[in-house]
Number of protein chains: 2
Amino acid sequence: MRYDNTIYDMIYSSELIKGTLKTIILKLLKDNKRMYGYEITQRVKELTNDRIQLTEGALYPSLHALEADGVLTTETEYIGKRVRKYYSLSPKGKSLTKEKISEFADFMNTMKFLLDIKTDIA
Amino acid sequence: MRYDNTIYDMIYSSELIKGTLKTIILKLLKDNKRMYGYEITQRVKELTNDRIQLTEGALYPSLHALEADGVLTTETEYIGKRVRKYYSLSPKGKSLTKEKISEFADFMNTMKFLLDIKTDIA
DNA sequence: CAAATATACATCAGATTCTTATGTATTGGA
DNA sequence: TCCAATACATAAGAATCTGATGTATATTTG
């Protein structure tokens, strides 16, 4: 299943996505146990009908930072001769995920009020 | 009227507010015809129950940039001996406001979907 | 009435984080 | 055999925020 609504040609200005990258990564890892970087970019692109396109230059440094903070753990595997680095949530990562998602949910409510937006999704 | 919900002690991490500053400024000016910088910080703080606290170091440069882009116009007034700089939306600013708000509304829907999904993809 | 706080503008060094390449290498398809 | 896709990574420059500092007037409080 992917996200669907009427406006198909919208791509968000990059500044909008700022501040949500880590939350998106954490949420995907919560649902999928383990994923690798390239897979995350493709999944997000697919799930959002190309609205959110994570660039590798933003993604990889973020993943490295989350790993350095003890939020993510990694396993490296070889698919043929090509390396693939899987990321998973550590216990710290699991609690951070909950915090981040609830913070964002609260933020959305505040912004919805502030911008006087009528949402079309229940 | 101000925003109200159960969690009263939440202050959003700064990175969340990034990318929404200009949209917030534009929306307030749309509703209030003209406002000055300090007034904007106070109004946002008040409307969001202290959740969003705009810093002057972020606000003033943003206002200057919007003015330089022809989005905002200014009038300077003196209240006693103290200067006050009022900002208003230009015609360009009015259309930008609509764009920014609808973009954010769409973004919220996408994020709501993205952060709620259960991906049990085979 | 003196001191502290609030009002009101502004700038800037440093930090963070994103964009946009560039780089390396393997794999699959036309 | 190329070209696109897969898959990692880094890095210069750009953009923007934080937190401090600066200046000045107005108001409140002890």
Side-chain angles (χ1 to χ4, degrees), chain A residues 11-26 28 32 34-46 50-69 71-87 100 107, chain B residues 11-26 28 32 34-46 50-69 71-72 74-88 100 107:
Chain A
I11 295 178
Y12 305 125
S13 59
S14 60
E15 69 219 34
L16 254 192
I17 298 166
K18 286 179 189 173
T20 60
L21 176 55
K22 285 185 180 175
T23 306
I24 291 169
I25 293 171
L26 293 173
L28 286 187
N32 295 281
R34 63 175 213 165
M35 296 181 85
Y36 53 98
Y38 186 78
E39 186 184 15
I40 292 173
T41 65
Q42 298 308 301
R43 186 67 59 86
V44 169
K45 189 163 139 55
E46 175 195 317
D50 299 356
R51 280 183 181 75
I52 297 179
Q53 303 190 17
L54 305 183
T55 59
E56 293 169 296
L59 180 67
Y60 289 119
S62 261
L63 288 171
H64 300 163
L66 289 168
E67 187 186 4
D69 287 347
V71 172
L72 302 182
T73 58
T74 58
E75 306 163 79
T76 298
E77 288 184 15
Y78 282 86
I79 308 298
K81 287 180 182 174
R82 192 153 57 189
V83 74
R84 193 181 275 181
K85 201 166 162 189
Y86 281 99
Y87 291 87
K100 282 283 195 183
F107 177 69
Chain B
I11 296 179
Y12 304 125
S13 60
S14 60
E15 71 219 34
L16 254 191
I17 298 166
K18 285 178 190 174
T20 61
L21 176 56
K22 285 184 180 175
T23 306
I24 291 170
I25 293 170
L26 293 173
L28 285 187
N32 295 280
R34 64 175 213 164
M35 296 181 84
Y36 53 97
Y38 186 77
E39 186 183 15
I40 292 172
T41 64
Q42 298 308 302
R43 186 67 59 84
V44 169
K45 189 163 141 50
E46 175 196 316
D50 300 355
R51 280 182 180 75
I52 297 180
Q53 303 190 17
L54 306 183
T55 61
E56 293 169 297
L59 180 67
Y60 288 118
S62 261
L63 287 171
H64 300 163
L66 289 168
E67 188 186 4
D69 287 347
V71 172
L72 303 182
T74 58
E75 306 162 79
T76 298
E77 288 186 17
Y78 281 86
I79 308 298
K81 287 180 183 173
R82 194 155 56 191
V83 74
R84 193 180 275 179
K85 201 165 160 190
Y86 281 98
Y87 290 88
S88 303
K100 282 283 193 181
F107 177 69

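Per chain, numbering begins at 1; letters A, B, ... match sequence-line order.
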Any heavy-atom pair between the side chains of Arg51(B) and Phe107(A) that's under 4.5 Å? no
Take Lys85(A) and Leu63(A) through the test side-chain contact (heavy atoms from CB on, under 4.5 Å) and record every step on the way to the result. CA-CA 11 Å; Lys85(A) 201 166 162 189; Leu63(A) 288 171; over 6 Å; no
Taking Glu39(A)'s backbone N and O only, do any of them form a donor-acceptor pair with Gln42(A)'s side chain (distance below 3.5 Å, no angle check)? no
Judged by each residue's nearest nucleotide on DNA chain D, which is more toward the 5′ side, Pro61(A) or Val83(A)?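 Counting from the 5' end, the first nearest nucleotide belongs to Val83(A).
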Listed pairs, N/O of protein and of nucleotides 25-29 of chain D, under 3.5 Å:
from    : atom 1 : to       : atom 2 : distance (Å)
dT25(D) : O2     : Arg82(B) : NH1    : 2.5
dA26(D) : OP1    : Lys81(B) : N      : 3.0
dA26(D) : O4'    : Arg82(B) : NH1    : 3.3

So, does Tyr60(B) get its side chain near the phosphate of dA10(C), meaning an N or O under 4.0 Å from OP1 or OP2? no
Would you tell me if any nitrogen or oxygen in the side chain of His64(B) comes within less than 4.0 Å of OP1 or OP2 on dC9(C)? no
Residues 17-25 of chain A side chain polar contacts: donor-acceptor under 3.5 Å, at least two apart:
from     : atom 1 : to       : atom 2 : distance (Å)
Thr20(A) : OG1    : Ile17(A) : O      : 2.5

Run the side chain to side chain contact (heavy atoms under 4.5 Å, CB included) test against Asp69(B) and tell me which residues pass, sequence neighbours left out. Val71(B)
Could you pull out all residues at least two apart from Thr55(B) that satisfy side chain to side chain contact (heavy atoms under 4.5 Å, CB included)?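 Side chain to side chain contact (heavy atoms under 4.5 Å, CB included) check on Thr55(B) returns Ala58(B).
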Could you list all N or O pairs between the protein and nucleotides 14-20 of chain C that sit under 3.5 Å apart?
from    : atom 1 : to       : atom 2 : distance (Å)
dT19(C) : OP2    : Thr55(A) : OG1    : 3.2

Rounded distance in Å - OH (Tyr38(A)) to P (dT27(C)):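 One finds 15 Å between P of dT27(C) and OH of Tyr38(A), rounded.
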By ring-ring contact (aromatic ring centres under 6.0 Å, His included) - contacts of Tyr86(B) (at least two apart): Tyr36(B)
